[in-house]
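Here the structure comes first, spelled out in structure tokens, and everything after it is commentary.
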Amino acid sequence: MTPLKNDRLIRALLRQPTDTTPLWIMRQAGRYLPEYRETRAQAGSFLDLCKNKELACEVTLQPLRRFELDAAILFSDILTIPDAMGLGLYFAEGEGPRFERPLRSAAQIDALGVPDPADDLRYVTDAVSLIRRELDGQVPLIGFSGSPWTLSTYMVEGGSSKEYRFVKGMLFREPATLHRLLDKLAQAVTHYLNAQIEAGAQAVMVFDTWGGVLAPTAYREFSLEYMRRIVDGLHREYEGQTIPVTLFTKGGGMWLEDIADSGCNAVGLDWTVDIDAARARIGDRVALQGNLDPCVLYADPATVRERARDIIERFGNHPGHVFNLGHGIHQSIDPENVKVLVDAVHEFGRDIRKI
């Protein structure tokens, strides 16, 4: 395929020198953009948008037309794997994702099959191939999945949760049952990400959105261990190119050293950890991604620039920094502030390299 014209992201993830700090934004293709809202209305529903490769490609490319971002990320959803497992995914107005058939018993979990990406998730890999072709080497394409623990929380709870009554109940009452589910999900995520790589993804990321709700011992056993298995099973090189992998645990600041030792190339940070402190703890083992509080984008442009500069200066003139938010961008953010952020990161990223 076409060589990359802008390889800053890949170089940073591999801790190689770059001319400035690369930047992409979690949920950069999303509801804060009016053109996205128009495309979603055209699709009819969120799931229909995800499953239409042309429209998924369109919304993936939309933020790149507005902003000088250094990567595209596949437009999809973390719950595609549970949906392919037959749990009946739907989106309730005002409630977020829900499942018609949540997993509450060992028999249900034992009956689950591992989806075949070439068949059950073909719409995702078709979208990856189309997006990669349409990018024409402009920037790299990131593929992604939810982590086994995060997927299991939705699958067992039946949707979002504040108490994690059912999945934590299973964790403490029937740990062997939960491990069987997590093992199947680790297999599914590995196959899924490898299929995305084979279709054209040039980097991949695992989102462990709910890992931070676990106690330290439980996190290592029920979340990190399964992400480690995924990292071990991924294509780390494909068609002569290194494929970097990033692990992101929201609320995972206390386990940075453990995550860095998983074999990943980069650790994603939320906004609750100072990036200089994170780098001091991890050293040069991996790259770091992050970590602006998304709510900073509600501020005035001068504050946005100031906070961007602070993070870049804290990281310092070292290889291995990918600038991002500490979680997904909020839907009510003004896109003009996103442009301010993108321009500021590239400006200050160049400045730091002169020191």
Please determine whether a side-chain nitrogen of the Lys or Arg among R228 and D232 lies less than 4.0 Å from a carboxylate oxygen of the Asp or Glu. no
Please say which of [options] ends up in a side-chain contact (heavy atoms from CB on, under 4.5 Å) with [X].
X: I243; options: I10, L13, I197; answer: I197
X: L297; options: I333, V340, D334; answer: I333
X: L288; options: I282, T246, V322, N324; answer: I282

Do you know which two heavy atoms are closest between [X] and [Y], and how far apart they sit?
X: L193; Y: L234; result: CB-CD2, 3.6 Å
X: P102; Y: V156; result: CB-O, 3.8 Å
X: L247; Y: S262; result: CD1-OG, 3.3 Å
X: R27; Y: Y32; result: O-CE2, 3.7 Å
X: D270; Y: K250; result: OD2-C, 3.8 Å
X: L55; Y: L49; result: CB-CD1, 3.5 Å

State, with a plain yes or no, whether a side-chain heavy atom of [X] is found less than 4.5 Å away from one of [Y].
X: H318; Y: D284; value: no
X: L151; Y: V189; value: yes
X: W271; Y: L292; value: no
X: L79; Y: L87; value: no
X: D208; Y: L224; value: no
X: R180; Y: D110; value: yes
X: V231; Y: R236; value: yes
X: R229; Y: Q187; value: no

Check whether any side-chain N or O of [X] sits under 3.5 Å from a backbone N or O of [Y] as a donor-acceptor pair, and report yes or no.
X: Q138; Y: K5; result: no
X: T60; Y: F75; result: yes
X: R15; Y: A287; result: no
X: Q16; Y: P319; result: no
X: D120; Y: D116; result: yes
X: K184; Y: I109; result: yes
X: H321; Y: P22; result: no
X: S147; Y: V206; result: no
X: E157; Y: V167; result: yes
X: N291; Y: V273; result: yes

Could you go through R65 and E35, starting from their C-alpha distance and side-chain angles, then the distance that decides it, and tell me whether this counts as salt bridge (Lys or Arg N to Asp or Glu O under 4.0 Å)? CA-CA 11 Å; R65 298 181 189 130; E35 56 267 42; over 6 Å; no
Other residues, nucleotides and ligands only: do more than 12 of their heavy atoms fall within 6.0 Å of [atom1] on [X]?
X: R307; atom1: CZ; answer: no
X: E100; atom1: CD; answer: yes
X: R104; atom1: CZ; answer: yes
X: E68; atom1: CD; answer: no
X: K162; atom1: NZ; answer: no

Relative to each other, are the rings of [X] and [Y] parallel, tilted or perpendicular (30° and 60° limits)?
X: F91; Y: F46; answer: perpendicular
X: Y238; Y: H235; answer: parallel
X: F248; Y: F207; answer: perpendicular

Any chance you could lay out the side-chain contact (heavy atoms from CB on, under 4.5 Å) test for W210 and T150, step after step, and finish with the verdict? CA-CA 5 Å; W210 302 124; T150 291; 3.7 Å; yes
Any chance the side chains of [X] and [Y] put a donor and an acceptor closer than 3.5 Å?
X: T39; Y: Q62; value: yes
X: N194; Y: E198; value: no
X: S332; Y: Y298; value: yes

Spatial distance of atom [atom1] ([X]) from atom [atom2] ([Y]) [nearest 0.5 Å]:
X: R11; Y: D19; atom1: CZ; atom2: CG; result: 9.0 Å
X: D274; Y: F315; atom1: CG; atom2: CZ; result: 13.5 Å
X: E221; Y: L214; atom1: CD; atom2: CG; result: 10.0 Å
X: S152; Y: F222; atom1: OG; atom2: CZ; result: 9.5 Å
X: M155; Y: L185; atom1: CE; atom2: CG; result: 5.0 Å
X: Y219; Y: T249; atom1: OH; atom2: OG1; result: 3.0 Å

[X] with [Y], same ILVMFWY side-chain cluster at under 4.5 Å:
X: F144; Y: L130; result: no
X: Y90; Y: M85; result: no
X: F67; Y: I142; result: yes
X: V114; Y: L89; result: no
X: F323; Y: I352; result: yes

If you apply the rule side-chain contact (heavy atoms from CB on, under 4.5 Å), what do you find for V204 with Y192, and how did you get there? CA-CA 11 Å; V204 293; Y192 183 49; over 6 Å; no
Is there a side-chain contact (heavy atoms from CB on, under 4.5 Å) between R281 and E257? Walk through the geometry before answering. CA-CA 7 Å; R281 289 166 56 186; E257 295 87 348; 2.9 Å; yes
With ring pair (Phe, Tyr, Trp, His ring centres under 6.0 Å) as the test, would you mind laying out the steps for Y154 and F99 before giving the verdict? CA-CA 8 Å; Y154 287 102; F99 286 108; 7.3 Å; no
Chi angles and distances behind the side-chain contact (heavy atoms from CB on, under 4.5 Å) call for I131, L74: CA-CA 8 Å; I131 295 163; L74 164 69; 3.8 Å; yes
Take D70 and H346 through the test side-chain hydrogen bond (donor to acceptor under 3.5 Å, both in side chains) and record every step on the way to the result. CA-CA 10 Å; D70 295 296; H346 287 155; 2.6 Å; yes
